Protein chains: 2
Amino acid sequence: MSAEPHHHRPSAPSWSTHADEALSRRGSRASAARNAVLAALDSQACCASAQEIHARITTDGTAIGIASVYRTLELLHGLALITRVDTGDGVARYEPAHPNGEHHHHLVCNACGAVEAFHDGELEAAIHAVADRVDFRVDAHDIALRGACRRCR
Amino acid sequence: MSAEPHHHRPSAPSWSTHADEALSRRGSRASAARNAVLAALDSQACCASAQEIHARITTDGTAIGIASVYRTLELLHGLALITRVDTGDGVARYEPAHPNGEHHHHLVCNACGAVEAFHDGELEAAIHAVADRVDFRVDAHDIALRGACRRCR
DNA sequence: CTCTATCCGATAATGAGTATCATTACCAAC
DNA sequence: GTTGGTAATGATACTCATTATCGGATAGAG
Ligand SMILES: [Mn+2]
Ligand SMILES: [Mn+2]
Ligand SMILES: [Zn+2]
Ligand SMILES: [Zn+2]
């Protein structure tokens, strides 16, 4: 199972590498706490809250302060290296923002709170069309579909 | 300026009337506090937070507890009579949900926090198409476009 | 190695939202 | 009109995510 899927890209640089570069370019330092947060973000499938990230890191044995997680997330968000996802439960979640613009949106279950990811090209096209039609410079879009997941239906 | 615009509808019942009916149908009682919240919601152009609603009511002379505002908003939201809008600043905002499904979405300025409303038929169509394409029962959708408003550009 | 800007983590403060509870208002039945 | 049951009120205590503070650690340039 070591074969590359589909196309040949010379080992796409991971998001955390990209983030590392952007951080050092900005004069930020590398540190254990920050590296741990970057690694945690890189390894997560979808969005995660500060506390979830902190829990995952400390479970791995590394001791790191919760304040450092919040600080790092704030820094990364300011540099547009992560995306904030707001599911409406009063907890901010974050996920890596890939430099090529690749992203997804979320299905939120009103019953159990589960969050699933989806992507749809036509929806993206519609969003971009609206962005042009409106008197506003649109930099980003947040979309969440709410309802019931398969298990809760 | 008392002419009806465009089409002839026999004085569309206001949202608060509709909400009142839904509440009494549910066995809820009318009260000063609740009426004040309904009136405030009915008179607002776009979404407002609990605290903003409370401030507007009390400025009008009526004394009402902030808890009643939160309670009423929770009740109305549970009955899908209002929509919660999450602009990402950790404050929940609400606006009337019209029974005919008429609604709008929001442009949020990252610089000054201003919130503008917009509506787009093609975007709605795209959203409904996605909702069918996805393994999830979609009841509602939240869309926010983020960027810079005209003044902050 | 030294120096200093940056970062760390512990902890206090903030603030939106929620839970509690004694009191009050409503309403239908008597 | 009184009463009893239920719902609503508002003051207040509380929860908990996030932010601010601050003395001590440290990366990393020179
Ligand atoms: Mn998109
Ligand atoms: Mn819509
Ligand atoms: Zn579910
Ligand atoms: Zn603005």
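Because only heavy atoms are used, hydrogens play no part in the values below, and waters and symmetry mates are left out as well, while side chains stay in. Worth saying up front: this structure is predicted, and the values here are computed from it rather than measured. Convention: sequence-line order gives letters A, B, ...; per-chain numbering from 1.
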Between atom [atom1] in [X] and atom [atom2] in [N], what is the gap in whole Å?
X	N	atom1	atom2	answer
A:Ile64	C:dA10	CD1	P	10 Å
A:Asp89	D:dC16	CG	P	14 Å
B:Leu23	D:dA8	CG	C1'	12 Å
A:Leu73	D:dA17	CG	P	14 Å

### Query
Which residues within residues 52-59 of chain B lie with some heavy atom under 4.0 Å of an atom in DNA chain D?
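Close to the strand, none.
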### Task
Tell me which residues in residues 32-46 of chain B put a heavy atom below 4.0 Å from DNA chain D, sorted by number, or none.
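B:Ala33, B:Arg34, in order of number.
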Going by atom type alone, with no hydrogens or angles, which donor-acceptor pairs under 3.5 Å involve a side-chain atom of residues 57-64 of chain A and a protein atom two or more places apart or on another chain?
| from | atom 1 | to | atom 2 | distance (Å) |
| --- | --- | --- | --- | --- |
| A:Thr58 | OG1 | A:His54 | O | 3.0 |
| A:Thr58 | OG1 | A:Ala55 | O | 3.1 |
| A:Thr59 | OG1 | A:Ala55 | O | 2.6 |

Got a sec, which residues hit salt bridge (Lys or Arg N to Asp or Glu O under 4.0 Å) with [X], two or more places apart in sequence or on another chain?
X	answer
A:Arg29	none
A:Arg146	B:Asp142
A:Asp135	B:Arg150, B:Arg153
B:Arg84	none

### Task
Report the residues that fulfil side chain to side chain donor-acceptor pair (under 3.5 Å) with A:Asp20, sequence neighbours left out, ordered by chain and then residue number.
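Once residues adjacent in sequence are excluded, A:Asp20 has no partner under the side chain to side chain donor-acceptor pair (under 3.5 Å) criterion.
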### Under 4.0 Å protein heavy-atom contacts per nucleotide of nucleotides 18-30 of chain D, with B for base, S for backbone only and - for none
BB-B----BBS--
### Task
Please collect all side chain to side chain donor-acceptor pair (under 3.5 Å) contacts where either partner lies in residues 108-119 of chain B, sequence neighbours excluded, each pair once.
none
Show me, pair by pair, the donor-acceptor contacts under 3.5 angstrom made by side chains of residues 69-78 of chain A, not counting sequence neighbours?
| from | atom 1 | to | atom 2 | distance (Å) |
| --- | --- | --- | --- | --- |
| A:Tyr70 | OH | A:Gln51 | NE2 | 3.4 |
| A:Arg71 | NH2 | A:Ser68 | OG | 3.3 |
| A:Thr72 | OG1 | A:Ser68 | O | 2.7 |

### Task
Group every Ile, Leu, Val, Met, Phe, Trp and Tyr by side-chain heavy-atom contacts under 4.5 Å, then state whether A:Leu23 and A:Leu41 land in the same group.
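Yes, it is one cluster - the side chains of A:Leu23 and A:Leu41 are joined through contacts under 4.5 Å.
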## Note on the structure
The ring pair (Phe, Tyr, Trp, His ring centres under 6.0 Å) partners of B:His105 (sequence neighbours excluded) come to B:His103, B:His141
